[in-house]
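First up is the structure itself, then whatever we jot down about it.
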Amino acid sequence: MDADARHVIYFSREPDTALCGQFDARGWRVDLAASARDVRRAAQRGVATAGLLDFAAGYRPADLRELEPCLTIPQVGWIAATSRGQLADAMLRHLIRDYCFDYVTVPYEMTRIVETVGHAYGMVTLTEPAPQPAGQGRSEGEMVGTCDAMLALFKMIRRVATTDAPVFISGESGTGKELTALAIHERSPRASAPFVAINCGAIPSTLLQAELFGYERGAFTGAHQRKIGRVEGAQGGTLFLDEIGDLPLDSQASLLRFLQEGKIERLGGHASVPIDVRVICATHIDLEAALRDGRFREDLYHRLCVLKIEEPPLRARGKDIEVLARHMLERFQGDAHRRLRGFSPDAIASLYGYAWPGNVRELINRVRRGIVMSEGRMITAADLELGDYAALAPVSLVEAREAAERQVIEQALLRHRGRFADAARELGVSRVTLYRLMCAHGMRDRGDTFDGFVPPAPAEPSRRAC
């Protein structure tokens, strides 16, 4: 399938061949879909696509229920076609309000509906991530980034993956140290063997020895059978020791012996078990300060820190903050009850104005919260709980103009208690223009916020797309 062509998914029980001809004449490739399964198959190409939902041709309630999950697929701009009276169906109204850019009513001019679908397609392309320059990597497994620090990190991952030397990863909490360790493992000759991660700070010190090295039957009360430890479970693969700085001194001594000899002894056992693993460790604390304070053994430090990787904090990654936020929005889009178009200008400003003490982990949590809490088609700074930081970051003239326009529209609707025609008259625009502006600002599905707000009546023959 040609990913570079403009595609329109035409969902209909009785597709109109004349309309298909109109699309074809305008350079569109039409993908006919008679069921939700066909829609899903056509929409999962990962490229921008338009969609026409022909409800006027008839549907069953079951069709609508099966169709809804398909409408959440990113990068498809949906337009609905309905006949008079169909909008009395609550389920149909829900699908059009929350997932469609616009709708038209029959009878309609075919050239007009092709233009409307084209507008929806144009809006979808605006939300796509900007293409990367040829040859410039932007991801390493689950890690995403385009800044110099991340590109250097990706290069370092590929270099250290070819060796068996121990790796020490330092960085603040939430920067993705385990993802870096996993990326090293997956690019190493040990990729087909286990990757075993242990959080040294989460295991009680009294159980740490048994958890790391295992035990024999009868080693202590309750040891009814032999248990293989986590170190032995990583045989042939990679052992990732997270928060190594929280390891108690007695466990540090046992770990040092294992690193020196390549053997372990299970608790209660007497035989040495040879172990072949690659060790990667990480911590958010300053190990050099821990050395000076006597909280970490110097000989173990030098054993572990053969190759050192510094994980950059999120606040130092520039445009990556926005790239990551959009990546997470696409990944967790399914958490929303409506189709989201992206982040509002004030949300983007707040992303850059905030210091991100929790780094990527905090960004993920805030984006997921914004997806759930958003009332419109755009996630705002308030949805991210970052409203206080929106004004701290510089904004472009275009962003400032869009924010001011949105605010003026909201205030006019509030002053006139949602009376759409009166608000349009005060603003000096037509009802259709106000409707289009509300669509552009992601305000269309927030009509129920204003008492008495009703979109333009469906009796009109067509609507201009947002």
| remark: Contacts of Ala193 meeting side-chain contact (heavy atoms from CB on, under 4.5 Å) (sequence neighbours excluded), chain-then-number -> none
| Sidechain N-carboxylate O distance under 4.0 Å for Glu330, Arg326 | no
| task | Locate the shortest heavy-atom distance separating Phe101 from Gly77; write the atom from each residue and the value. | result | CE1-CA, 3.3 Å
| query | Distance-only, no hydrogens or angles: does the Ser344 side chain make a donor-acceptor pair with backbone N or O of Ile379 under 3.5 Å? | reply | yes
| Thr82 to Ala56 - nearest heavy-atom pair and separation | C-CB, 3.9 Å
| Non-hydrogen atoms of Val39 and Ala33 that approach each other most closely | CG2-CB, 3.7 Å
| field | Which residues share a side-chain hydrogen bond (donor to acceptor under 3.5 Å, both in side chains) with Arg37, sequence neighbours left out | value | none
| query | Tell me, do Val367 and Leu324 make a side-chain contact under 4.5 Å, heavy atoms counted? | reply | no
| note | In short, side chain to side chain donor-acceptor pair (under 3.5 Å) pairs touching residues 234-245 with sequence neighbours left out are His185-Thr238, Glu243-His284
| task | Evaluate the side-chain proximity of Arg317 to Val360: yes if any heavy-atom separation is below 4.5 Å, no if none is. | result | yes
| task | Would you check if Leu53 and Tyr103 make a side-chain contact, meaning some heavy-atom pair closer than 4.5 Å? | result | no
| said: Once side-chain hydrogen bond (donor to acceptor under 3.5 Å, both in side chains) is applied, do any residues pair with Ser188, and if so which ones, sequence neighbours excluded? | reply: none
| message | Suppose we screen for ring pair (Phe, Tyr, Trp, His ring centres under 6.0 Å). Which residues come up paired with Phe55, at least two apart in sequence or across chains? | response | Tyr59
| Distance in Å, Leu247 CG paired with Ile198 CD1, rounded so as to fall on 0.5 Å steps | 9.5 Å
| task | Ignoring hydrogens and angles, tell me if any N or O in the side chain of Trp28 forms a donor-acceptor pair with the backbone of Gln22 under 3.5 Å. | result | no
| request: Show your reasoning for whether side chain to side chain contact (heavy atoms under 4.5 Å, CB included) applies to Ile96 and Leu87. | output: CA-CA 9 Å; Ile96 294 175; Leu87 292 181; 3.6 Å; yes
| request: Please tell me if the side chains of Val279 and Val277 come closer than 4.5 Å, counting only heavy atoms from C-beta onward. | output: yes
| Can you tell me how far the CD1 atom of Ile169 sits from the CD1 atom of Ile184, to the nearest 0.5 Å? | 4.5 Å
| message | Can you list everything that forms a ring pair (Phe, Tyr, Trp, His ring centres under 6.0 Å) with Phe168? Sequence neighbours excluded, please. | response | none
| message | Restricting to non-hydrogen atoms, name the atom on Val76 and the atom on Gly51 that form the minimum distance, rounded to 0.1 Å. | response | CG1-N, 4.3 Å
| Any idea which heavy atoms bring Arg230 and Ala197 closest together, and the distance? | NH2-O, 2.7 Å
| Which value, rounded to the nearest 0.5 Å, describes the distance between Leu67 atom CG and Met91 atom CE? | 8.5 Å
| Asp16: side-chain hydrogen bond (donor to acceptor under 3.5 Å, both in side chains) partners, not counting sequence neighbours | none
| note | Nearest heavy-atom approach of Ala181 to Phe240 is CB-CD1, 3.5 Å
| Heavy-atom side-chain contact between Thr433 and Arg436 under 4.5 Å | yes
| said: Between Phe332 and Ile364, does the side chain to side chain contact (heavy atoms under 4.5 Å, CB included) criterion hold? Intermediate values first, please. | reply: CA-CA 9 Å; Phe332 296 108; Ile364 294 172; 3.9 Å; yes
| request: Applying side chain to side chain contact (heavy atoms under 4.5 Å, CB included), run through Ile9 and Trp78 and close with a yes or a no. | output: CA-CA 9 Å; Ile9 303 170; Trp78 294 104; 4.2 Å; yes
| field | Stepwise salt bridge (Lys or Arg N to Asp or Glu O under 4.0 Å) check, Glu211 with Lys227 | value | CA-CA 9 Å; Glu211 191 70 23; Lys227 179 185 177 183; 3.6 Å; yes
| query | In chain order, what residues pass the side-chain hydrogen bond (donor to acceptor under 3.5 Å, both in side chains) check against Glu362, with sequence neighbours excluded? | reply | Tyr354, Arg366
| Sequence-distant partners of Cys20, side-chain contact (heavy atoms from CB on, under 4.5 Å), two or more places apart | Tyr10, Val30, Leu32
| request: Flag the pair Val117 / Tyr121 as yes when at least one side-chain heavy-atom distance between them is below 4.5 Å, and no otherwise. | output: no
| CA sep, side-chain torsions, deciding dist, call: Met438, Leu413, side chain to side chain contact (heavy atoms under 4.5 Å, CB included) | CA-CA 11 Å; Met438 292 183 67; Leu413 287 167; 3.8 Å; yes
| query | Below 4.5 Å, heavy atoms only, C-beta onward: do His94 and Tyr99 meet side chain to side chain? | reply | yes
| Do Val104 and Arg112 have side chains that get closer than 4.5 Å, going by heavy atoms? | no
| message | Going by side-chain contact (heavy atoms from CB on, under 4.5 Å), name the residues that satisfy it together with Ala381, two or more places apart in sequence or in a different chain. | response | Asp346, Ser350, Ala390
| request: Using side-chain contact (heavy atoms from CB on, under 4.5 Å) as the criterion, list what pairs up with Ala34, not counting sequence neighbours. | output: Asp38
| field | Whether Arg187 side chain and Ala183 backbone form a donor-acceptor pair below 3.5 Å | value | yes
| Got a sec, which pairs hit side chain to side chain donor-acceptor pair (under 3.5 Å) with one end in residues 162-182, sequence neighbours left out? | Thr163-Arg278, Asp164-Arg190, Ser170-Glu310, Glu172-Arg315, Glu172-Asn359, Ser173-Arg361, Thr180-Glu311
